[in-house]
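Just the heavy atoms: all of them, side chains too, but no hydrogens, waters or symmetry mates, feed the values below. Because the structure is a prediction, the values reported are computed rather than measured.
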Amino acid sequence: MINEKLTPEQADEKQINDAFQELLNQYLASRHRKKIEIITKAFNFAKQAHKGVRRRSGEPYILHPIAVARIVCVEIGLGSTSICAALLHDVVEDTDYTVEDIENLFGHKIAQIVDGLTKISGGIFGDHASAQAENFKKLLLTMNDDIRVILIKIADRLHNMRTLGSMLPSKQYKIAGETLYIYAPLANRLGLNKIKTELEDLSFKYEHPETYQEIQHKLENTQAERKTVFEEFTAPIREQLDKMGISYRILARIKSPYSIWNKMQTKHITFEEIYDILAVRIIFTPRNEEEELNDCFDIYVAISKIYKPHPDRLRDWVSHPKANGYQALHVTLMSNKGQWIEVQIRSERMNDVAEQGFAAHWKYKEGSGGEDEGELNKWLKTIKEILDDPQPDALDFLDTIKMTLNASEIFIFTPKGEIKTMQQNCTALDFAFSIHTFLGSHCIGAKVNHKLVPLSYKLQSGDQVEILTSKSQKVQPSWINFATTAKAKTKIQAILKREKREQQQAGEDLLTDFLHKENIEANDENIKKLCNLHQVNNYDELTLCLGQGIFTLRDADRNELKEKNNSTNWKKYISFAFNVKQKQDKKVEKIKTTPPLNIDKKKTIKLTPDAIQKNYILADCCKPIPGDDALGYIDENNQIVIHKRQCPIAAQLKTSFGDRLLAVEWETGKALIFPANIYLKGIDGLGILNQVTEIISQQLNVNIHKLHIESKDGIFEGRIQLFVHDVEDVDTICENLKKIANIKKVIRIENFDDNITD
């Protein structure tokens with residue numbers, strides 16, 4: 001039989017049908033009820049709606065909804081309703097069909113989910129921070145209506161990240177930054193650990209491609225060594241578990257490239273210094289449902305007899321699951337080779353929950369519904385409370401939410417012995433606000449384990465806490481400095497802002513009464529005189545100070561104002577106040593709507609020596625130098641600022657002002673010099689400073705600009721600021737300094753005075 005060559009249209013049709021058939025096969029292999037008809041109907045409808053449309057990569061657009069539906073089905077474990085919604089998720093946004101059309105054809109529930117996805121389509125964030133915050137609130141509120149909306153949205157983002165290679169570099173930075181800033185923490189908070197890890201790794205891959213490849217290469221080169229360690233370490237464990245008659249499997253868990261890089265950045269260490277790249281996972285089938293927890297601890301006791309456990313590294317998330325549903329017993333054991341290795345003990349059910357999040361609960365319950373989402377609902381309630389007090393500054397709002405997403409957890413006991421889950425490093429004040437806003441706003445101190453402590457006291461897991469209150473207590477501005485939870489910070493800010501508004505209104509009333517009573521005209525000149533007289537900057541400060549009782553309006557004010565004013569015109573005062581406000585609004589609007597530079601954002605900007613000196617600003621927050629992975633940002637003054645891609649400020653810009661980002665490429669050669677800071681630590685000895693300066697100044701011919709060395713108890717620490725051409729120079733200097741016998745650590749730091757912890 002002769003194979004006829006397919007036309008492009010036939011090839012597309014075959015590719016689409018094959019992809020859908022694969023989705024159906026995987027759905028049929030799941031535990032969900034088999035509703036093939038409605039899924040096929042949704043596929044045919046979406047296929048027709050997107051007919052003729054292609055993605056930027058060139059493939060038919062319908063392949064994207066199919067891929068999202070597959071992630072929803074296979075990787076998150078949702079059923080037919082979610083699969084249909086995933087297939088239809090772009091129909092209302094990208095075609096002429098409406099939500100009403102979807103409801104008529106597929107019912108209310110699918111239409112409601114598609115509607116939720118449409119409201120948050122096109123990425124969470126708009127051009128301006130205000131639009132960004134508003135859209136992000138929509139996303140969080142839709143979670144409360146139906147958690148499947150955000151699960152499908154995360155699946156959509158995962159597929160977009162998997163196909164990000166076809167996008168422009170500037171778009172890659174925006175999408176990768178947004179993913180790392182919001183979507184990965186959100187996936188983690190929902191228990192989607194596998195997806196969280198992939199989102200982080202893909203973001204890392206596009207933001208720092210060379211570093212990503214370097215870590216991948218090192219992981220491959222050390223794989224054989226890790227395999228040997230794993231087999232030797234697990235052999236006696238397998239032998240013991242076989243004797244116990246437990247059905248189990250043991251897996252090696254390798255730390256992800258992003259996690260490795262993140263640890264290298266935060267701990268200022270090299271790849272070779274990371275000891276926990278390998279972890280061991282024991283996944284067992286319990287003898288029966290009631291014995292599941294007992295089996296976990298039996299395995300723990302058995303392996304602790306083989307290897308000595310670390311006394312401070314037992315993590316019991318079996319008895320007290322994490323807020324995202326995660327359950328496991330973590331223990332760190334000392335191997336026979338003197339290496340600490342973490343062992344995670346989970347049942348098959350716990351493993352499913354760890355990989356698929358809350359959706360996995362439904363596989364283990366009949367008539368799956370929302371009853372399994374107790375902990376999730378607690379978190380959603382916290383989010384709703386934050387949304388009830390919206391922040392005027394969108395970046396502050398995002399940081400507040402992100403704080404909630406990223407929080408590690410500890411367990412606190414109430415005086416009655418009830419357990420409350422709190423975030424790590426929380427204070428007594430945070431705990432008070434977590435119970436009730438009234439309790440938080442009137443608390444004066446706390447008793448922790450029956451001992452009196454201040455509100456700023458940091459709680460430890462297992463503490464028993466009693467909050468002490470007083471009716472006369474009011475929220476203090478200083479509280480914001482030691483509140484750590486999103487809820488406490490939001491409530492404190494809201495209360496302080498409300499009080500400030502009330503004080504300002506009272507001040508305006510006092511000013512109004514005074515001017516009216518004294519027959520004084522309320523014009524620009526008189527308000528300025530009052531501000532100068534009381535040494536305040538503007539009208540708002542004047543009225544606030546009046547409302548707070550910091551000063552009052554007296555005869556001196558009247559005499560000062562009446563020297564040149566004999567007439568009264570209250571309407572002019574109202575007009576003045578209105579005009580001041582209008583001017584301020586216009587000023588803000590002008591900043592927000594400043595047109596961007598006339599630059600082709602599709603092209604990569606070349607950072608040549610001449611261009612750097614004349615056209616661009618190197619960000620002071622992260623101090624990039626040639627060789628750093630960098631990006632450009634068009635600021636409000638139409639200037640292009642160059643940031644490192646991992647800079648915290650750049651992370652916010654990527655999520656808020658993605659359309660202002662530019663791809664940049666260093667082309668400076670060795671023409672310019674830039675300041676760079678190096679930190680070194682080692683064993684003190686005679687002549688160590690002379691060796692350091694000789695290598696830098698004489699051997700490498702580099703100019704030392706600033707030097708600080710101090711020694712304590714035989715250990716020295718040093719900071720050196722140098723003038724270099726690029727990152728290559730810094731790496732060469734560091735490598736040469738490491739060759740000095742007594743120097744144990746040499747790293748580049750961003751700021752000369754950075755605090756370095758081991």
Side-chain angles (χ1 to χ4, degrees), residues 208-219 221-222 260-275 277 607 609 612 618 622-630 644-646 666-758:
H208 306 284
E210 290 179 7
T211 311
Y212 175 83
Q213 290 299 334
E214 186 182 325
I215 290 175
Q216 283 282 54
H217 183 64
K218 286 183 176 180
L219 283 172
N221 287 347
T222 54
I260 292 170
W261 176 78
N262 197 39
K263 193 162 189 175
M264 288 166 64
Q265 298 297 306
T266 55
K267 300 287 186 184
H268 299 287
I269 56 178
T270 63
F271 177 91
E272 289 71 25
E273 292 174 290
I274 297 176
Y275 74 89
I277 289 177
L607 299 178
I612 287 176
L618 299 180
C622 55
K623 298 178 176 61
I625 65 174
D628 284 326
D629 289 334
K644 287 183 185 176
R645 287 182 212 158
Q646 74 265 33
W666 300 98
E667 286 192 356
T668 54
K670 300 287 184 180
L672 300 176
I673 57 171
F674 302 84
N677 299 300
I678 287 176
Y679 168 88
L680 57 161
K681 185 176 182 179
I683 300 166
D684 196 11
L686 191 65
I688 193 86
L689 180 57
N690 184 50
Q691 288 178 279
V692 169
T693 55
E694 185 182 347
I695 284 176
I696 295 173
S697 300
Q698 294 180 25
Q699 291 184 25
L700 301 174
N701 197 30
V702 174
N703 183 24
I704 297 177
H705 178 62
K706 198 190 294 186
L707 175 66
H708 177 84
I709 301 268
E710 59 181 88
S711 176
K712 185 179 180 182
D713 299 330
I715 302 296
F716 82 89
E717 285 186 288
R719 286 172 168 77
I720 308 172
Q721 188 173 86
L722 313 162
F723 282 115
V724 298
H725 297 110
D726 49 31
V727 171
E728 187 182 358
D729 284 358
V730 178
D731 291 342
T732 301
I733 292 164
C734 290
E735 288 305 313
N736 277 273
L737 290 176
K738 284 177 184 176
K739 292 174 183 175
I740 298 175
N742 284 347
I743 291 184
K744 303 302 178 185
K745 186 171 193 172
V746 185
I747 55 169
R748 177 187 168 193
I749 54 177
E750 285 182 4
N751 298 297
F752 190 79
D753 298 319
D754 276 354
N755 184 31
I756 306 299
T757 55
D758 290 327

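Asn736 places no side-chain N or O within donor-acceptor distance of the main-chain N or O of Ile733, the cut-off being under 3.5 Å. Looking only at distances, a side-chain donor or acceptor of Trp666 sits under 3.5 Å from a matching main-chain atom of Asp628. No side-chain donor-acceptor contact under 3.5 Å links Arg748 to the backbone of Cys734.
Applying the 6.0 Å contact sphere to CD of Glu728 captures no more than 12 heavy atoms from other residues, nucleotides or ligands. For CG of Asn221, the number of neighbouring non-hydrogen atoms (other residues, nucleotides, ligands) closer than 6.0 Å is greater than 12.
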Notebook entry, point to check: Going through the distances and angles, do Leu722 and Ile678 end up as a side chain to side chain contact (heavy atoms under 4.5 Å, CB included)?
Noted result: CA-CA 8 Å; Leu722 313 162; Ile678 287 176; 3.5 Å; yes
Note to self: Evaluate Ile260 against Leu219 for side chain to side chain contact (heavy atoms under 4.5 Å, CB included), listing each step before the verdict.
What the structure shows: CA-CA 10 Å; Ile260 292 170; Leu219 283 172; 3.7 Å; yes
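Here the CG-NZ distance, from Asn677 to Lys706, works out to 7.5 Å after rounding to the nearest 0.5 Å. Considering OG1 of Thr266 and CH2 of Trp261, their distance stands at 9.5 Å, rounded to 0.5 Å. Taking NE2 of His268 as the reference point, atom NZ of Lys681 lies at 12.0 Å (rounded to 0.5 Å).
Heavy-atom minimum distance, Gln721 versus Phe752: N-CE1, 3.8 Å. Minimum interatomic distance between Ile215 and Met264 (heavy atoms only, all atoms of both residues): CD1-SD, 4.3 Å.
You'll find the side chain of Ile625 reaches within 4.5 Å of the side chain of Val730, heavy atoms only. With contacts defined as side-chain heavy-atom distances shorter than 4.5 Å, the pair Glu750/Lys644 qualifies. By the 4.5 Å heavy-atom criterion applied to side chains, Ser697 and Ile704 are counted as neighbours. Ile740 is listed as a side-chain neighbour of Ile688, based on a closest heavy-atom distance under 4.5 Å.
Evaluation of the ring-ring contact (aromatic ring centres under 6.0 Å, His included) test over residues 722-741, restricted to residues two or more places apart or in two chains, returns His705-Phe723.
The side-chain contact (heavy atoms from CB on, under 4.5 Å) search around Lys623 returns Asp620, Asn751, not counting sequence neighbours. For Phe716, the ring pair (Phe, Tyr, Trp, His ring centres under 6.0 Å) test picks out no residue, with sequence neighbours left out. For Glu272, the side-chain contact (heavy atoms from CB on, under 4.5 Å) partners at least two apart in sequence or on another chain are Lys218, Thr270. Applying the side-chain contact (heavy atoms from CB on, under 4.5 Å) test to Asp629 and every residue at least two apart in sequence or in another chain returns His208, Thr211, Arg645.
None of Ile695, Leu689, Ile696 except one satisfies the side-chain contact (heavy atoms from CB on, under 4.5 Å) rule with Thr693; the exception is Leu689.
With respect to Lys670 and Asp729, a salt bridge is recorded, a charged nitrogen being found less than 4.0 Å from a carboxylate O.
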Atom pairs and distances, donor-acceptor, side-chain atoms in residues 708-715, under 3.5 Å, two or more places apart:
from   : atom 1 : to     : atom 2 : distance (Å)
His708 : NE2    : Glu710 : OE1    : 2.9
Ser711 : OG     : Asp684 : OD2    : 2.7

